[in-house]
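Only one structure is covered here, and it is reproduced in the block below.
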Number of protein chains: 2
Amino acid sequence: MYTISEISQLTETTAHTIRYYEKEGLLFPTRTAGGVRRYDESQLTWLRFVLRLRATHMPIDQIREYVELFLASSETHDTSLERLRLLEAHQQNVRQQLAELIRTEQMITEKIAVYQQLHPTVKETI
Amino acid sequence: MYTISEISQLTETTAHTIRYYEKEGLLFPTRTAGGVRRYDESQLTWLRFVLRLRATHMPIDQIREYVELFLASSETHDTSLERLRLLEAHQQNVRQQLAELIRTEQMITEKIAVYQQLHPTVKETI
DNA sequence: CTACAAGTTAGAGTTGACTCTAAGTCAAGC
DNA sequence: GCTTGACTTAGAGTCAACTCTAACTTGTAG
């Protein structure tokens with residue numbers, strides 16, 4: 001069981017942000033008798049996944065929706081298909097970002113080549 | 001020579017945003033006698049480049065810096081090396097985003113595979 | 001016990017990038 | 001000349017995602 005500062009270091013995220021994610025309904029650590037947050041391995045793994053989704057620009061609202069579906073799932077009402085749909089939607093999104101990045105990387109590389117012809121040999125200056 | 005609504009359509013960007021970019025020092029169209037903006041091919045090409053940089057999360061401040069270096073360049077003071085450095089920095093950035101997207105794409109694909117095992121055949125329902 | 005570092009809260013503030021509004025001015029067809 | 005739709009401006013408003021503050025409480029090492 002980790003404290004917030006431990007999780008904060010392990011994920012390179014501020015404690016402020018981690019509390020904010022909890023307020024937004026993305027995390028739900030247990031608490032000590034005194035009310036101090038404690039995180040287990042599964043919450044750490046989940047936070048790491050959330051950070052991945054955020055790094056690829058999935059909005060917090062959509063992540064919350066995924067969480068809510070997960071929590072709402074039961075024997076009488078299975079939400080895994082809806083969660084699958086959310087993941088597929090984000091996957092599409094990620095692929096579009098990839099396409100845009102690849103095109104832009106090429107464009108920048110071309111422009112850099114033009115500049116480098118102007119400065120043929122910027123060699124190591126000691 | 002294009003009007004603002006024409007380049008707005010050509011680039012799928014609102015006229016609001018195009019004026020905002022001008023206010024931020026990224027664009028400088030000519031004006032008619034009456035003060036109406038007119039854009040030539042070079043400004044259109046440049047706007048398209050700017051939109052690429054934005055789509056890959058280059059901050060407006062940095063794009064402005066690039067513009068300012070370009071405008072400041074003269075025979076006595078060549079700024080092309082500094083511009084090259086800015087481009088290289090963003091290229092690094094784009095490559096990091098690419099790496100993150102690729103990793104995340106894989107993660108999502110794996111998770112999707114798990115969900116699809118739960119729903120082996122969601123076949124066409126009519 | 002006590003000191004004090006680390007944790008807690010509600011809520012305010014910040015940042016970057018738009019996005020919109022209102023009150024006008026310009027331009028093109030009739 | 002007149003109408004009407006597109007254009008102009010300064011500046012206010014919005015939004016997502018943090019980021020910080022202040023006043024207070026908890027946990028732990030000595």
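Order of the sequence lines fixes the chain letters, A, B, ..., with proteins taken first and strands second; residue numbering starts at 1 for each chain. Side chains included, hydrogens not; waters and symmetry mates left out as well; all remaining heavy atoms used. Quick caveat, the model's predicted, so the values are computed rather than measured.
- Here B/T14 does not reach the OP1 or OP2 of C/dT19: none of its side-chain N or O atoms lies under 4.0 Å away.
- Going from atom CD of A/E6 over to atom P of D/dT28 covers 10 Å, rounded to whole Å.
- Protein atom OH of A/Y2 is 15 Å distant from nucleotide atom P of C/dG7, rounded to whole Å.
- Between D/dT9 and B/R37, a contact under 4.0 Å exists linking OP1 or OP2 to a side-chain N or O.
- As rounded to whole Å, 7 Å separates atom C1' of D/dG11 from atom NZ of B/K23.
- Within 6.0 Å of the CZ atom in B/F70, the count of heavy atoms belonging to other residues, nucleotides or ligands does not exceed 12.
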Discussion item. Run the side chain to side chain contact (heavy atoms under 4.5 Å, CB included) test on B/T3 and B/R37 for me, step by step, so that the C-alpha distance in whole Å, both residues' side-chain angles and the decisive distance to 0.1 Å come before the verdict.
Written reply: CA-CA 6 Å; B/T3 64; B/R37 292 169 178 83; over 6 Å; no
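- Position along DNA chain C of the nearest nucleotide to B/G34 versus A/E22 favours A/E22 as the more 5'-ward residue.
- For B/I60, counting side-chain heavy atoms from C-beta on, the closest listed nucleotide (C/dT19, C/dA17, D/dC18) is C/dA17.
- Counting only heavy atoms from C-beta outward, the side chains of A/Y39 and A/I18 approach each other to under 4.5 Å.
- Under 4.0 angstrom from either OP1 or OP2 of D/dC20 there lies no side-chain N or O belonging to A/Y20.
- Nucleic acid contact for B/R31: sugar-phosphate only, since backbone atoms but no base atoms lie under 4.0 Å from a heavy atom of the residue.
- Residues A/T109 and B/Q91 bring a donor and an acceptor atom of their side chains to less than 3.5 Å of each other.
- When rounded to the nearest whole Å, the span between CG of B/L27 and P of C/dA17 equals 15 Å.
- Taking atom CZ on B/R38 and atom P on C/dC26, their separation rounds to 13 Å, with Å as the unit.
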Worksheet item: After noting the C-alpha distance and the side-chain angles of B/E88 and B/L84, does the key distance pass the side chain to side chain contact (heavy atoms under 4.5 Å, CB included) rule?
Response: CA-CA 6 Å; B/E88 283 172 343; B/L84 173 58; 3.7 Å; yes
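- In this structure, A/M58 places its CE atom 11 Å from P of D/dA17, rounding to the nearest Å.
- The CG atom of A/L47 sits 11 Å away from the P atom of D/dC18 (whole-angstrom rounding).
- The distance between atom CG of B/L51 and atom P of C/dC18, rounded to the nearest whole Å, is 9 Å.
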All N/O pairs under 3.5 Å across the protein-nucleotides 2-6 of chain D interface:
none

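- Positionally, the nearest nucleotide of DNA chain D for B/V36 lies more toward the 5' end than for the other of B/V36 and A/P59.
- Contact annotation: A/T32 side-chain N/O to D/dT26 OP1/OP2 distance is not under 4.0 Å.
- Each of A/H16 and A/A33 lies near DNA chain D, and the nucleotide nearest A/H16 is the one positioned closer to the 5' end.
- If you check every strand for non-hydrogen atoms under 4.0 Å, B/R19 touches a base.
- Counting all heavy atoms, side chain and backbone alike, B/H119 lies closest to A/S80 at NE2-OG, 2.6 Å.
- Under the 30°/60° scheme for interplanar angles, the aromatic rings of A/F49 and A/Y66 are found to be tilted.
- Two residues are said to be in side-chain contact when any heavy atoms from C-beta on lie closer than 4.5 Å; B/E100 and B/Q97 fail this criterion.
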